[in-house]
Amino acid sequence: MPLSLNEIRERARTFAREWADETSERAEAQSFWNEFFNVFGVNRRRVAVFEQKAARFSGSRHGRIDVFWPGVMLAEHKSQGRDLDAAFEQATDYFAGLKDAELPRFVLVSDFQRFRLHDLETGERTDFPLAELPRQIGRFGFISGYQTRTYKEEDPVNVQAAERMGRLHDALKAAGYDGHALELLLVRLLFCLFADDTGIFPRQSFHELIAQRTREDGSDLGMWLGRIFQVLDTPPGKRQTTLDEQLAELPYVNGRLFEERLPLADFDAPMRALLLDASTLDWSRISPAIFGAMFQSVMDAKARRHLGAHYTSEKNILKLIGPLFLDGLKAELDRAGHDAKKLAQPHRTLATLTFLDPTCGCGNFLVIAYRELRLLELDILKRQFATQQSVLAHVQDHVLVDVDQFYGIEIEEFPAQIAQVAMWLMDHQMNLRVSEQFGENVVRLPLKKSATIVHGNALRIDWNEVVPAETLSYILGNPPFVGSKLMSVAQRKDLLAVAGTLKGAGILDFVSAWYLKAAAAMQANPRIRSAFVSTNSITQGEQVGVLWGELLRRGCRIFFAHRTFRWNNEARGVAAVHCVIVGFALGEVTPRQLFDYEDITGEPHRLLAGNINPYLVDAPDVLLPNRRGSLMDVPQIAFGSMPNDGGNLLLSDSEREELLAREPAAGKWIRKFLGADEFINGTLRWCIWLLDIAPSELRALPLVAKRIAAVKALREASSRPTTRELAAYPALFGEVRQPAESYILVPRHTSENRKFIPLGFVPPEVICGDSNMLVPTSSLSHFGIMQSTMHMAWVRTVCGRLKSDYRYSAGIVYNNFPWPELGDDDKHRAAIAAAAQAVLDARAQFPEATLADLYDPLTMPPALAKAHAALDRAVDAAYLAAEKAAGRKPPKLSTDAERVAFLFQRYQALTSLLPVAKPKKPARQLPVIAPPPPSPISSGSH
């Protein structure tokens with residue numbers, strides 16, 4: 001067992017007294033360093049190894065190194081009073097003869113009475129006299145094993161470690177060592193590499209066993225690893241007294257990690273070199289918090305994508321666990337202050353909390369949640385025992401939080417194994433912190449408790465069999481990011497098995513299944529609170545009504561949420577998706593917190609909400625139906641015309657010219673065609689539009705007729721009955737919706753980077769394709785409202801998404817939008833129309849620019865930006881005037897969140913006979929799923 005810090009300090013005092021008057025020559029240096037290392041509990045055999053390695057350099061122009069610990073430390077000793085600067089230069093001169101893996105991080109020089117420690121990684125230099133050694137022992141944590149670190153997620157060693165282990169994985173797999181045995185072997189090796197550099201094992205003992213005792217050709221490495229694993233699984237009392245001295249140094253680990261007997265792996269020289277290469281890294285620099293994220297890259301990237309796995313940064317995990325439980329616990333601790341009696345209750349609370357991540361992957365959420373609980377507990381202990389300064393007797397008895405409070409479910413075996421090991425490693429790191437604070441060892445070896453990580457399908461197993469719902473406190477995690485149309489057959493079956501008879505479940509994303517199972521667990525124990533990271537699609541579009549209609553029916557309410565932000569992860573390739581975080585519980589939970597992002601790649605700002613609805617807006621729990629007609633008396637919106645022609649009715653600019661050159665009479669029947677791409681990017685496309693053509697005219701156009709024949713053949717060969725029926729009308733588009741008047745063209749899909757979806761007036765002779773929607777009207781005021789920030793805030797909140805792009809829809813977006821109520825001679829109507837015309841005029845100032853150019857945030861002309869700002873003021877004024885006229889307090893409309901909260905209140909007022917609910921206590925209301933009104937509500941003629 002390692003020495004406690006108190007024992008090390010006492011040994012350091014003895015050492016300093018005994019060598020206080022030493023002035024001997026170099027012959028005494030060996031005794032000095034033997035006793036120096038003994039202060040930290042390093043045995044003589046290991047010191048002898050350091051001296052043997054140093055002897056390699058005897059005979060050089062400087063003589064020989066006094067102590068050499070490859071990869072860790074080099075020590076140079078001088079007689080009392082000699083120049084320590086020169087000693088340091090001499091020490092670093094030896095580097096030229098070292099391999100890269102042998103270069104030390106620390107250089108220590110001494111003249112018996114003075115020490116100078118150089119940290120070559122940080123550039124820090126520390127000088128102190130021998131007498132101060134007891135107060136400086138913390139600087140020698142790299143020897144004692146009490147080295148604590150601030151981890152950097154971007155540290156290159158993380159990538160290096162993953163890549164080196166990945167190469168070893170690939171080599172073993174290529175040699176035929178595969179499957180469960182390979183995965184478990186890698187997990188054990190990962191544990192040993194961490195243990196070698198973090199004080200679980202005597203420093204570098206695993207590396208030295210491999211480097212010193214195995215043959216260079218690797219032929220006996222598998223047998224040595226099997227022997228090492230066997231020793232790690234054997235209690236000291238059951239080990240033979242004749243056990244090899246180096247093996248005997250290894251602790252008894254238990255925890256069943258080394259219990260299973262694996263088939264011996266056959267290594268060769270390159271494989272041995274790969275393992276040694278990995279072991280030369282300083283594994284103490286790798287945080288267990290991102291342990292799993294890193295080593296998931298060992299798996300095949302394609303397989304990882306199919307599993308929907310996204311591994312996450314610590315910063316993003318804290319966004320979830322903070323409002324879920326951590327912030328509340330910190331607040332409780334702050335209320336207790338330094339009162340020992342008041343602190344006892346939150347300490348007991350910490351030890352009773354239980355956590356389940358039902359999609360735990362490599363355990364990132366569980367590991368960081370555990371670390372944060374342990375840090376809170378350490379804060380409590382420091383407050384409770386502040387009067388005892390740095391010493392607390394039997395400190396281990398006061399550490400109540402343990403890994404067995406954490407549960408996980410993971411569908412793949414390798415990540416599940418890693419998750420359990422990562423929890424142990426974080427436990428060890430936190431024990432080191434406690435030991436450093438109170439000077440007494442907290443050692444949990446052999447391992448008696450462990451996190452429960454179940455290898456299985458979370459959607460098919462009963463979560464109660466993992467952890468009983470009545471004992472569970474929190475459910476959290478990051479379920480797979482798989483969209484409704486991207487699920488495998490097996491995933492869809494899993495989802496539908498959970499959804500049961502839920503109507504509309506077929507449109508739900510895969511993550512919805514975890515929400516439904518968590519809701520079932522909360523119904524069994526209403527004290528459970530849950531939070532998941534999810535793709536933002538479950539809070540937008542049609543899915544909201546299906547998923548949240550069911551969750552609200554069961555009594556679930558959202559008590560915190562992060563609105564859409566870009567979620568990055570730590571895995572190779574760095575997946576970035578647009579996500580939300582939703583925390584939900586049964587009944588009322590306060591405070592309700594909304595985290596909003598002005599920039600989805602930036603930091604959120606926190607808002608206190610009266611209620612958080614399923615669209616993550618501070619508004620009543622309203623669910624928008626997929627409405628067939630508009631909520632109000634406005635022009636109806638429709639899809640553009642769909643060719644369904646296999647490309648035979650559509651023409652590029654060159655195809656049009658070629659056709660007209662050969663068949664000039666076809667020009668009468670060729671129209672300009674606008675899909676969304678043509679409209680936004682200004683490209684030219686044409687179509688053959690044969691509505692009302694006489695048979696005799698068509699017969700006179702043989703090239704056009706050839707194209708019509710191709711359309712007929714294509715439709716007749718279709719597997720869809722409706723398409724085959726269209727073969728009877730091959731000269732026409734499959735769906736004809738072209739209006740006879742000017743119309744507003746609305747691209748159905750457009751980039752989320754644009755502040756506004758570019759809309760435009762189009763004459764009826766230009767054919768609108770089905771990648772657009774159209775509103776048959778020439779009303780400037782209607783165009784102005786649709787082109788305003790008020791409408792765009794609604795779109796951004798409720799529309800569905802294609803990847804991250806806006807997906808404008810009739811049923812959810814347009815038909816549910818609460819338009820301002822304007823009279824025919826309303827001054828606000830005139831103001832909106834004038835401002836809308838100013839937007840069109842600003843566009844016209846740049847005739848060579850496309851709409852893509854004009855609405856790119858980086859290239860939008862100032863004149864157009866100013867025109868849009870004026871339009872926004874006019875539209876806002878119309879809404880505010882209506883509120884004032886109705887005797888209601890005008891709302892603030894400065895942010896998207898404020899605008900959408902107001903629009904949801906207007907929506908509820910328009911669809912209910914009840915008065916608008918005040919947002920202070922809306923969670924008590926039933927969700928509003930408004931039916932289409934019997935007749936449209938007049939907003940005037942737009």
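When all heavy atoms are compared, the tightest approach of Val813 to Trp794 is O-NE1, 3.0 Å. Of all heavy-atom pairs spanning Phe817 and Met632, the tightest one is O-SD, 4.3 Å. Here the closest heavy-atom approach between residue Pro747 and residue Ala676 is recorded as CB-CB, 4.1 Å. Taking both residues in full, the closest heavy atoms of Gly675 and Asn772 are given as C-ND2, 3.5 Å, listed atom of the first, atom of the second, then distance. Of all non-hydrogen atoms in Arg843 and Leu864, the two that sit nearest each other are CG-CD1, 4.0 Å. For the residue pair Arg737 and Gly640, the shortest heavy atom distance occurs at NH1-O, 2.9 Å.
Residues Val775 and Thr777 are in side-chain contact: their nearest non-hydrogen atoms beyond the backbone lie under 4.5 Å apart. Residues Val533 and Asn316 fail the side-chain proximity criterion, which asks for heavy atoms closer than 4.5 Å. Residues Phe560 and Ile581 have side chains in contact (heavy-atom distance under 4.5 Å, counting atoms from C-beta outward). Under the 4.5 Å side-chain criterion, counting only non-hydrogen atoms from C-beta, Cys768 is in contact with Gln738. Side-chain contact between Ile812 and Val544: absent, with no pair of heavy atoms (C-beta onward) separated by less than 4.5 Å. Looking at Ile507 and Val546, their side chains come closer than 4.5 Å, going by heavy atoms from C-beta outward. Phe756 places none of its side-chain heavy atoms less than 4.5 Å from the side chain of Leu854. Within the 4.5 Å cutoff, side-chain heavy atoms of His578 are placed close to those of Glu752.
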Might you work through the side chain to side chain contact (heavy atoms under 4.5 Å, CB included) test for Arg662 and Leu703, ending with a clear yes or no? CA-CA 8 Å; Arg662 298 175 62 187; Leu703 293 179; 3.7 Å; yes

With side chain to side chain contact (heavy atoms under 4.5 Å, CB included) as the criterion, how do His868 and Lys755 come out once you've worked through the C-alpha distance, each side chain's angles and the decisive distance to 0.1 Å? CA-CA 10 Å; His868 268 283; Lys755 187 176 179 182; over 6 Å; no

Check the pair Arg557, Leu552 against side chain to side chain contact (heavy atoms under 4.5 Å, CB included), reporting the backbone distance first and the verdict last. CA-CA 7 Å; Arg557 295 294 184 272; Leu552 290 170; 3.3 Å; yes

Is there a side-chain hydrogen bond (donor to acceptor under 3.5 Å, both in side chains) between Thr850 and Asp853? Walk through the geometry before answering. CA-CA 5 Å; Thr850 66; Asp853 299 328; 3.1 Å; yes

Can you check side chain to side chain contact (heavy atoms under 4.5 Å, CB included) on Phe761 and Leu780, steps first, answer last? CA-CA 9 Å; Phe761 285 109; Leu780 277 168; 3.8 Å; yes

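Look at Asp618 and Arg592 and you find no salt bridge, because none of the NZ, NE, NH1 or NH2 atoms lies under 4.0 Å from a carboxylate O. The residues Arg906 and Glu883 are annotated as salt-bridged, a charged nitrogen and a carboxylate oxygen being separated by less than 4.0 angstrom. For Arg707 and Asp645, the salt-bridge test fails: no basic side-chain N is under 4.0 Å from an acidic carboxylate O.
For the pairing with Pro614, the side chain to side chain contact (heavy atoms under 4.5 Å, CB included) check across Leu623, Leu551, Leu547 returns one residue only, Leu623. With respect to Met786, the side chain to side chain contact (heavy atoms under 4.5 Å, CB included) criterion is satisfied by exactly one of Val875, Ile757, Val746, Val634: Val746. Results of the side chain to side chain contact (heavy atoms under 4.5 Å, CB included) test with Trp686 over Arg671, Arg656, Glu678, Glu655 single out Arg656 as the only residue that passes. The one candidate from Tyr879, Tyr814, Tyr808 that meets the ring-ring contact (aromatic ring centres under 6.0 Å, His included) condition with His791 is Tyr808.
Remark: side-chain polar atoms of Arg899 are paired, donor with acceptor, to backbone N or O of Leu893 under 3.5 angstrom. Looking at Gln636, its side chain never comes within 3.5 Å of a backbone N or O of Gly629 through a donor-acceptor pair. His562 contributes a side-chain N or O that, together with a main-chain N or O of Lys319, makes up a donor-acceptor pair within less than 3.5 Å. A donor-acceptor pair under 3.5 Å links the side-chain atoms of Gln543 to the main chain of Asp509, judged by distance alone. In this structure, Asp653 contributes its side chain and Leu684 its backbone to no donor-acceptor pair below 3.5 Å. With hydrogens and angles disregarded, no donor-acceptor distance shorter than 3.5 Å links the side chain of Arg829 to the backbone of Ser781. In terms of modelled atom types and a separation under 3.5 Å, the side chain of Trp548 and the main chain of Ile538 share a donor-acceptor contact. In this structure, the side chain of Asn611 engages the main chain of Ala619 through a donor-acceptor pair within 3.5 Å. For the pair Glu663 (side chain) and Val704 (backbone), a donor-acceptor distance under 3.5 Å is present. Listed for the Asp856 side chain is no donor-acceptor partner under 3.5 Å among the backbone atoms of Ala852.
For the atom pair Tyr855 OH and Thr750 OG1, the distance stands at 11.0 Å (nearest 0.5 Å). Note that the CG atom of Leu745 and the CG atom of Leu759 stand 8.0 Å from one another [nearest 0.5 Å]. How far CD of Glu657 is from OG of Ser652: 8.5 Å, rounded to the nearest 0.5 Å. Once rounded to the nearest 0.5 Å, the distance linking CG of Leu690 with CG of Leu649 reads 7.0 Å. The CG atom of Leu774 lies 10.0 Å from the CD1 atom of Ile744; values are rounded to the nearest 0.5 Å. Within the model, atoms SG of Cys687 and NZ of Lys672 stand 12.0 Å from one another, a figure rounded to the nearest 0.5 Å.
Side chains of Tyr515 and Ser534: a donor on one and an acceptor on the other come within 3.5 Å. Looking only at atom types and distance, the side chain of Thr539 has no donor-acceptor partner in the side chain of Asn536 under 3.5 Å away.
Enclosure of atom CD in Glu598 is not indicated, since only 12 or fewer non-hydrogen atoms of other residues, nucleotides or ligands lie within 6.0 angstrom.
Ring-plane geometry between Tyr597 and Phe565 is classed as parallel, the angle between the planes falling under 30 degrees on a 0 to 90 degree scale with a further cut at 60.
Partners of Glu603 by salt bridge (charged side-chain N to carboxylate O under 4.0 Å, His left out), not counting sequence neighbours, listed by chain and number: Lys315.
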